[in-house]
Amino acid sequence: MTSILVPIAVCVVLPVAITLIVFWASINSNNKRADVLIKAIEANNSIDTDKLAAALAKPKRTARELLNLRLLRACIFSLIGVVLMVVGIISWAGGVDFADDNVTVPMMLGGVSLAVGVSYLIVYFVSRRQPED
């Protein structure tokens with residue numbers, strides 16, 4: 001019974017809990033901004049609410065920041081993928097059977113991570129060439 005509970009907790013409960021925490025934090029942040037705006041309007045009518053709302057809004061990322069973030073993610077995923085693939089190849093060269101988990105799991109995860117990293121690199125190079133709006 002305990003061998004089933006741990007995978008269920010890791011694969012079901014943990015992602016749901018993380019999603020709920022992130023969702024709750026964003027709702028809480030929006031509610032706090034709305035409360036500040038409401039109190040500012042109630043306290044003084046001469047306040048420019050448009051400027052206050054713009055000051056309290058979430059900062060938007062510039063196109064350059066998004067481009068740099070894509071490049072960073074591409075490097076991280078690619079590096080993790082290469083490292084996992086090397087770990088799998090070293091285990092396989094060390095005499096471990098290819099069907100063993102010590103080889104197949106790092107190779108599969110490394111392949112997926114490397115594919116995600118390459119896709120981020122493609123998006124980076126394609127979007128880098130496009131004109132800025």
Side-chain angles (χ1 to χ4, degrees):
M1 185 68 164
T2 58
S3 64
I4 295 174
L5 290 178
V6 173
I8 289 175
V10 170
C11 296
V12 176
V13 177
L14 189 61
V16 169
I18 290 172
T19 305
L20 286 176
I21 290 170
V22 169
F23 183 68
W24 178 78
S26 76
I27 287 177
N28 192 22
S29 173
N30 291 337
N31 287 342
K32 284 184 180 181
R33 280 193 200 95
D35 288 342
V36 168
L37 280 173
I38 289 171
K39 289 192 186 217
I41 292 170
E42 289 174 352
N44 190 357
N45 290 335
S46 64
I47 292 177
D48 188 8
T49 56
D50 293 333
K51 287 184 181 177
L52 184 61
L56 290 176
K58 290 181 181 178
K60 300 284 183 185
R61 289 188 175 145
T62 64
R64 191 74 178 157
E65 288 175 336
L66 285 174
L67 203 58
N68 289 337
L69 185 62
R70 287 178 185 147
L71 181 61
L72 176 67
R73 287 179 181 164
C75 292
I76 289 171
F77 277 108
S78 297
L79 184 65
I80 290 172
V82 167
V83 167
L84 286 173
M85 298 281 277
V86 166
V87 165
I89 290 171
I90 288 174
S91 295
W92 187 35
V96 178
D97 187 29
F98 189 78
D100 195 18
D101 284 344
N102 293 338
V103 177
T104 55
V105 172
M107 294 290 274
M108 286 190 307
L109 293 177
V112 169
S113 180
L114 192 60
V116 170
V118 168
S119 67
Y120 267 117
L121 276 175
I122 291 170
V123 169
Y124 170 76
F125 284 116
V126 167
S127 61
R128 181 179 64 141
R129 304 258 187 236
Q130 295 192 359
E132 308 239 350
D133 291 331

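Considering every non-hydrogen atom in both Phe77 and Ser113, the closest pair reads O-OG, 2.7 Å. For the residue pair Ser127 and Leu67, the shortest heavy atom distance occurs at OG-CD1, 3.2 Å. Minimum interatomic distance between Ser78 and Leu114 (heavy atoms only, all atoms of both residues): O-CD1, 3.7 Å. Taking each heavy atom of Tyr120 and Arg70 in turn, the nearest pair found is CB-O, 3.9 Å.
Hydrophobic clustering, with ILVMFWY side chains joined whenever heavy atoms are under 4.5 angstrom apart, groups Leu109 together with Ile76. Both Ile80 and Val105 are assigned to one and the same hydrophobic cluster, defined by single-linkage of ILVMFWY side chains at heavy-atom distances under 4.5 Å. Follow the hydrophobic side-chain contacts under 4.5 Å out from Ile90 and you reach Val82 in the same cluster. Taking hydrophobic clusters as Ile, Leu, Val, Met, Phe, Trp and Tyr residues chained together by side-chain heavy-atom distances below 4.5 Å, Val96 shares a cluster with Ile89.
Put simply, CG on Leu69 and OH on Tyr124 are 12.0 Å apart, with the number rounded to the nearest 0.5 Å. The line from CD of Glu65 to NZ of Lys60 is 12.5 Å long, rounded to the nearest 0.5 Å.
Between the side chain of Ser91 and the backbone N or O of Val87 there is at least one donor-acceptor pair closer than 3.5 Å. Judged by distance alone, the side chain of Ser119 and the main-chain N or O of Val116 form a donor-acceptor pair under 3.5 Å.
Looking at heavy atoms from C-beta onward, Pro106 lies out of side-chain contact with Met85 at the 4.5 angstrom threshold. Looking at heavy atoms from C-beta onward, Leu121 lies in side-chain contact with Leu71 at the 4.5 angstrom threshold. Met107 has its side chain out of reach of Thr104: every pair of non-hydrogen atoms, C-beta onward, lies at least 4.5 Å apart.
Partner Ile18 forms a side chain to side chain contact (heavy atoms under 4.5 Å, CB included) with one of Leu14, Leu20, Ile21 and no other, that one being Leu14.
A side chain to side chain donor-acceptor pair (under 3.5 Å) check over residues 16-27, counting only residues at least two apart or in different chains, returns nothing.
Residues passing the side chain to side chain contact (heavy atoms under 4.5 Å, CB included) test with Leu66, sequence neighbours excluded: Arg61.
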